[in-house]
> 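The structure under discussion is supplied below as structure tokens; questions concerning it will follow.
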Amino acid sequence: MSEHEAEQPIEQVEWEPWWEQRGGLQPGEHVSIVGPTGTGKTYGLVWFAEDFPDHSILVVTKGADEMITRLPRERGWQLTRDVDDIFTADGKPGRLLKKSWGDRWEKRERPPQRIVYWPDASNDHEQRVEDLQEAFRQLMARAYAYTKSSPANRVFVGIDETMFAAMELGMNKSFTITWNEGRAMGLSLGAAMQRTAWVSKSSRSAPRYILVFDTTDPDDLAELAKTAGYYRRNGEFRRQLDQLGDHEHLLIVTRGRDRQVVRSRVVIRQRRKAQSDDDEQGRRT
């Protein structure tokens, strides 16, 4: 994108038709979502997790928050606190992923599972950090082994507090490996964060899509402006962010011939009736 092109007004698009025209999130494509608390990062993360054509896992490191309570209750997600339910130690499907074969085996269909992983951790601060470190390490290593073992195994791992995981839990190296190697294996990483400067540089260079709700940090603004094609003109990118309404974002498509920036608002889909009926039948049995 040239500097002249970047000066043109950013197109306002209706999110779902625009996104479906692009063909959806493909296995191995990554997403970064940037913005302060309350701007809509979690909605964006849920969208991409549910749009992914295979299994999706959202990792929660906080206490009982909206994601934990609403996704299982309102959208049929599975909730687990044990990584063994998702993947075994050698990267094979765990209990929740095995459920996806079930009665559909003969049809060779494998409906995707949507899983909230809320690692079980101590209430003691120091021990809690150690527990979460180990939980993250195991999940990422097993997801890597799972996708590497077969081209048919694809998975999206979404992280709602990427800054905390990167800094406090020391996961930057693992995330960088996933960002750099996941594309070839169908392993996608969705990373929601308040600041990009505290996370691996791969959080800006590797994703195909970057949703920016806002940023108050000059360093983050400069890097995101450059990624969007604004290069040294941070003030113009800042002006575009200031024009966003509640829960609106700028979406940066970072590579390919269709590299562009659009303005939109993520709206979570209504659950399809067939999916709701399947979930209800599963609860009854």
> Dump the intermediate steps for side chain to side chain contact (heavy atoms under 4.5 Å, CB included) on Leu241 and Val212, then the final yes or no.
CA-CA 8 Å; Leu241 291 175; Val212 185; 3.8 Å; yes
> With sequence neighbours left out, what residues match Lys173 under salt bridge (charged side-chain N to carboxylate O under 4.0 Å, His left out)?
none
> Are any side-chain N or O atoms of Arg81 and backbone N or O atoms of Trp118, one a donor and one an acceptor, separated by less than 3.5 Å?
yes
> Nearest heavy-atom pair of Pro119 and Val60: which atoms, and what distance?
CD-O, 3.0 Å
> One pair to check against side chain to side chain contact (heavy atoms under 4.5 Å, CB included): Leu250 and Val262. What are the steps and the verdict?
CA-CA 6 Å; Leu250 298 182; Val262 297; over 6 Å; no
> Measure the CG-CD1 distance between Leu96 and Ile115 for me, rounded to the nearest 0.5 Å.
4.5 Å
> For the atom pair CZ (Phe136) and CD1 (Ile159), what is the distance rounded to the nearest 0.5 Å?
5.0 Å
> Take Ser188 and Phe52, measure what side chain to side chain contact (heavy atoms under 4.5 Å, CB included) needs, and give me the verdict at the end.
CA-CA 9 Å; Ser188 295; Phe52 192 72; 3.4 Å; yes
> If I compare all heavy atoms of Thr176 with all of Ser202, which pair ends up nearest, and what's the gap?
CG2-OG, 3.6 Å
> Asp246: which residues meet the salt bridge (charged side-chain N to carboxylate O under 4.0 Å, His left out) condition with it, sequence neighbours left out?
none
> Kindly confirm or rule out a cation-pi arrangement of Arg75 over Trp77, judged by NZ or CZ under 6.0 Å from the six-membered ring centre and within 45° of its axis?
no
> Would a 4.5 Å heavy-atom cut-off, applied to side chains only, mark Gln78 and Gln113 as touching?
yes
> Check the angle between the aromatic planes of Trp15 and Trp19 and answer parallel, tilted or perpendicular using the 30° and 60° thresholds.
parallel
> Donor-acceptor pair, distance only, cut-off 3.5 Å: does the side chain of Arg114 make one with the backbone of Glu50?
yes
> Are the side chains of Leu25 and Val31 in contact, using a 4.5 Å heavy-atom criterion?
yes
> Roughly how far, to the nearest 0.5 Å, is CZ of Phe164 from OG1 of Thr61?
5.0 Å
> Nearest 0.5 Å, what's the CG-CG distance between Leu79 and Leu58?
11.5 Å
> I'd like to know whether Asp82 forms a side chain to side chain contact (heavy atoms under 4.5 Å, CB included) with Tyr117, so could you lay out the CA-CA distance, the side-chain angles of the two residues, the decisive distance to 0.1 Å, and finally the verdict.
CA-CA 8 Å; Asp82 187 351; Tyr117 176 41; 5.8 Å; no
> Can you name the salt bridge (charged side-chain N to carboxylate O under 4.0 Å, His left out) partners of Asp84, sequence neighbours left out?
Arg142
> To the nearest 0.5 angstrom, please state how far the OG atom of Ser205 sits from the CG atom of Asn180.
6.5 Å
> Roughly how far apart are Ser32 OG and Met193 CE, rounded to 0.5 Å?
4.0 Å
> Taking all heavy atoms of Ile210 and all of Arg204, pick out the closest pair and write down the distance.
CD1-O, 3.6 Å
> Evaluate the side-chain proximity of Val253 to Val261: yes if any heavy-atom separation is below 4.5 Å, no if none is.
no
> For the side chain of Gln240 and the backbone of Phe237, is there at least one donor-acceptor N/O pair under 3.5 Å apart?
no
> Looking only at atom types and distance, does a side-chain atom of His249 sit under 3.5 Å from a main-chain N or O of Leu211, one as donor and one as acceptor?
no
> Have Gln12 and Glu248 got a donor and an acceptor in their side chains that come within less than 3.5 Å?
yes
> If you look at every heavy atom in His30 and Trp179, which pair is closest and at what distance?
NE2-O, 3.1 Å
> Identify the residue among Thr216, Asp217, Thr215 that makes a side chain to side chain donor-acceptor pair (under 3.5 Å) with Arg195.
Asp217
> Could you tell me if the side chain of Arg238 sits less than 4.5 Å from the side chain of Leu221, heavy atoms only?
yes
> Applying side-chain hydrogen bond (donor to acceptor under 3.5 Å, both in side chains) to Gln194 and Thr37, what does each step give before you reach the verdict?
CA-CA 7 Å; Gln194 296 181 35; Thr37 300; 3.3 Å; yes
> Please answer whether the main-chain N or O of Pro112 pairs with a side-chain N or O of Asp54 as donor and acceptor at a distance below 3.5 Å.
no
> Can any side-chain N or O of Ser150 pair as donor or acceptor with the backbone N or O of Tyr146 at less than 3.5 Å?
no
> Should Asp124 and Arg128 count as an ion pair when the cut-off is N to O under 4.0 Å?
no
> Give the C-alpha distance, both sets of side-chain angles, the deciding distance and a yes or no for side-chain hydrogen bond (donor to acceptor under 3.5 Å, both in side chains) between Asp214 and Thr39.
CA-CA 8 Å; Asp214 198 1; Thr39 51; over 6 Å; no
> Checking Asn172 against Ser200: is there a side-chain donor and acceptor pair closer than 3.5 Å?
no
> Assign the ring pair Tyr209 / Phe48 to parallel, tilted or perpendicular, where the plane angle (0 to 90°) is split at 30° and 60°.
parallel
> Do the side chains of Glu223 and Lys226 get close enough for a salt bridge, i.e. N-O under 4.0 angstrom?
no
> Within the structure provided, determine whether Arg70 and Thr42 are in side-chain contact (heavy-atom separation under 4.5 Å).
no
> For the pair Arg263 (side chain) and Gln243 (backbone), establish whether a donor and an acceptor sit closer than 3.5 Å, ignoring hydrogens and angles.
yes
> Go through the steps to decide whether Thr88 and Asp90 satisfy the test side-chain hydrogen bond (donor to acceptor under 3.5 Å, both in side chains), and finish with yes or no.
CA-CA 5 Å; Thr88 64; Asp90 56 354; 2.4 Å; yes
> Does any N or O in the side chain of Thr147 come within less than 3.5 Å of the main-chain N or O of Asn153, such that one atom is a donor and the other an acceptor?
no
> Can you name the closest pair of heavy atoms from Ala192 and Lys41 and give their distance?
CB-CB, 4.2 Å
> Over all heavy atoms of both residues, which pair between Val129 and Leu169 is shortest? Give the atoms and the distance, please.
O-CD2, 3.7 Å
> With no hydrogens and no angle check, is any side-chain donor or acceptor of Asp85 less than 3.5 Å from a backbone partner on Arg95?
no
> Indicate yes or no for a side-chain donor-acceptor contact from Arg137 to the backbone of Gln133 under 3.5 Å, with no hydrogens or angles considered.
no
